[in-house]
2 protein chains.
Amino acid sequence: MSVENDIQVKVKDIFQGYLEEKKHRKTPERFAILNEIYSHAGHFDIDSLYKKMKDKNYRVSRATLYNTMELLISCNLVRKHQFGKNLAVFEKAHQSKQHDHVICNSCGEVMEFCDPRLQKIISTVEDITGYQVIDHSLNLFGTCSKCKIINQ
Amino acid sequence: MSVENDIQVKVKDIFQGYLEEKKHRKTPERFAILNEIYSHAGHFDIDSLYKKMKDKNYRVSRATLYNTMELLISCNLVRKHQFGKNLAVFEKAHQSKQHDHVICNSCGEVMEFCDPRLQKIISTVEDITGYQVIDHSLNLFGTCSKCKIINQ
DNA sequence: TTCACTGCAAACGCTTTGCATATGG
DNA sequence: CCATATGCAAAGCGTTTGCAGTGAA
């Protein structure tokens, strides 16, 4: 609990500092959204975040959610993943290491992994193509263990 | 030329066989679309394909293009890549080995690569997570050599 | 003749935008 | 104060769907 709280305070400080630096307003909505994200585990999409906040009687609009995501992504407190045309997913990113995803085609479950061998592949590709790689996305799609059993 | 022609004939045979097997109709539109794709190099999106065919005075609709893509994907003559929410790209796939992409953020250029080490990563992830991986997408984003020079 | 396929346009789902109102600095 | 943010609803954009007409088998 205390550790949870520490993180809440810490990310609030980071966000506050970022907003001040960039001369953006420190609105209650922005902090409410940050709080909601960091008191909640795992991956989420805009719609479920919207509904969750509506349920708690926050007055918040989707436009503001999208807006605030931009800010949170800019200061590395949130990361965005586009898993398919109509499946954009966000996750809190503070102090979490870069990682990749396995997505279940049946139930939509998302699991994370991190394999250092990927960095070697990227280095090789940079050498061969002359590109300077800034970002990557590696997504594996398939069936999770639960759905494997159900579907058979 | 002759080699190009051979491929055109070969993929037409494959498509024809597939349509017969699945009891789908062999419409002129379907073969016109296949032909257009295979007489054209590299990656393309639906809209540019649509415009290209309109320019040649084919009477074709977007709905039919999307429809036919499904068929061509089913018989492995076309592969689809979703590079971002509003950036779906297709490419001819006959006899080409599975590969991944480096995309230039500045000019949109797409290059391909194939690194066997990725299969090892996938196997490891299957072992750890219990997922059965059916498909993957690895995209590297960055700056191509040309844009590196221009942007500096 | 029949029904899968087609073109066209309207509907979709997520995201962005426009605008009037509210509020942080 | 007033420029930036906000909520709401309308518009955007690639894709999908519904439907009446067409043509492959």
Side-chain angles (χ1 to χ4, degrees), chain A residues 12 15-36 43-75 78 80-90 103 108, chain B residues 12 15-36 43-75 78-90 108:
Chain A
K12 187 185 166 179
F15 196 29
Q16 198 152 331
Y18 171 81
L19 293 176
E20 280 166 10
E21 187 203 334
K22 296 284 181 179
K23 305 233 183 316
H24 289 135
R25 288 188 184 165
K26 286 172 264 175
T27 68
E29 288 84 359
R30 287 174 177 173
F31 289 103
I33 293 166
L34 177 65
N35 223 51
E36 189 57 40
H43 300 76
F44 60 94
D45 58 31
I46 290 288
D47 212 56
S48 60
L49 183 58
Y50 177 74
K51 279 172 187 148
K52 196 166 286 192
M53 295 189 78
K54 277 291 177 190
D55 285 349
K56 295 187 181 175
N57 290 316
Y58 284 114
R59 191 165 172 274
V60 73
S61 71
R62 284 167 218 274
T64 302
L65 287 176
Y66 282 108
N67 239 325
T68 304
M69 285 306 140
E70 290 285 289
L71 298 172
L72 291 171
I73 289 165
S74 293
C75 59
V78 164
K80 180 178 179 178
H81 306 286
Q82 187 80 42
F83 289 144
K85 181 173 189 345
N86 286 337
L87 183 55
V89 163
F90 300 83
I103 301 107
Chain B
K12 187 182 168 181
F15 195 30
Q16 197 152 331
Y18 171 81
L19 293 176
E20 280 166 11
E21 185 203 336
K22 297 284 180 179
K23 307 235 185 310
H24 288 136
R25 288 187 182 164
K26 287 171 265 175
T27 69
E29 288 83 0
R30 288 175 175 172
F31 289 103
I33 292 166
L34 176 66
N35 222 51
E36 190 57 42
H43 300 77
F44 60 93
D45 57 30
I46 291 289
D47 212 57
S48 62
L49 182 59
Y50 177 74
K51 279 172 187 149
K52 196 166 288 193
M53 294 189 78
K54 277 291 178 189
D55 285 350
K56 295 187 180 175
N57 290 316
Y58 284 113
R59 192 166 172 274
V60 74
S61 71
R62 284 168 218 275
T64 302
L65 287 177
Y66 282 109
N67 239 326
T68 304
M69 286 305 139
E70 291 286 289
L71 297 172
L72 291 172
I73 290 166
S74 292
C75 59
V78 163
R79 223 174 264 146
K80 179 180 179 176
H81 306 286
Q82 187 81 42
F83 288 144
K85 181 173 187 346
N86 286 336
L87 183 55
V89 164
F90 300 83

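Order of the sequence lines fixes the chain letters, A, B, ..., with proteins taken first and strands second; residue numbering starts at 1 for each chain.
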- request: Answer yes or no: is there a donor N or O on one side and an acceptor on the other, between the side chain of Gln82(A) and the main chain of Lys85(A), under 3.5 Å?
  value: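 Yes, Gln82(A) side chain to Lys85(A) backbone: donor-acceptor pair under 3.5 Å.
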- prompt: Does Thr68(B) use its side chain to pair, donor to acceptor, with the backbone of Thr64(B) at less than 3.5 Å?
  reply: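 Yes; at least one donor-acceptor contact below 3.5 Å.
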d(CG, Asn86(A); C1', dC14(C)) in whole Å: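 Roughly 6 Å, once rounded to whole Å.
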Interatomic distance, Lys85(A) NZ vs dC12(C) P [rounded to whole Å]: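 Interatomic distance, NZ of Lys85(A) to P of dC12(C): 16 Å.
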task: Identify, with sequence neighbours excluded, every residue that meets side-chain contact (heavy atoms from CB on, under 4.5 Å) alongside Ser48(A).
output: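 Expected list: Phe44(A), Asp45(A).
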- request: Please find the earliest and latest nucleotides of DNA chain D, in the 5' to 3' direction, that have an atom within less than 4.0 Å of any heavy atom of chain B.
  value: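 In short, chain B contacts DNA chain D from dG14(D) to dA25(D).
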Footprint string (nucleotides 4-10 of chain C, 5' to 3'): B base within contact, S backbone only, - free, heavy atoms under 4.0 Å: BSSBB--
Glu29(B)/Arg59(B) under salt bridge (Lys or Arg N to Asp or Glu O under 4.0 Å): CA gap, chis, key distance, verdict: CA-CA 8 Å; Glu29(B) 288 83 0; Arg59(B) 192 166 172 274; over 6 Å; no
- request: State which residues pass salt bridge (Lys or Arg N to Asp or Glu O under 4.0 Å) with Asp47(B); sequence neighbours excluded, sorted by chain then number.
  value: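 Partners of Asp47(B) by the salt bridge (Lys or Arg N to Asp or Glu O under 4.0 Å) criterion, ordered by chain and then number, come out as Lys51(B), Arg62(B).
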field: 5'-most by nearest nucleotide on DNA chain D - Lys80(B) or Pro28(B)
entry: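 The residue mapped nearer the 5' terminus is Lys80(B).
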message: Test of understanding: with ring pair (Phe, Tyr, Trp, His ring centres under 6.0 Å), list the residues that count as partners of Phe31(A), not counting sequence neighbours.
response: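 Here the qualifying residues are Phe15(A).
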- prompt: ring pair (Phe, Tyr, Trp, His ring centres under 6.0 Å) with His24(B): which residues, sequence neighbours excluded?
  reply: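 Once residues adjacent in sequence are excluded, His24(B) has no partner under the ring pair (Phe, Tyr, Trp, His ring centres under 6.0 Å) criterion.
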- prompt: Roughly how far apart are Arg25(B) CZ and Arg30(B) CZ, rounded to 0.5 Å?
  reply: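 Interatomic distance, Arg25(B) CZ to Arg30(B) CZ, rounded to 0.5 Å: 9.0 Å.
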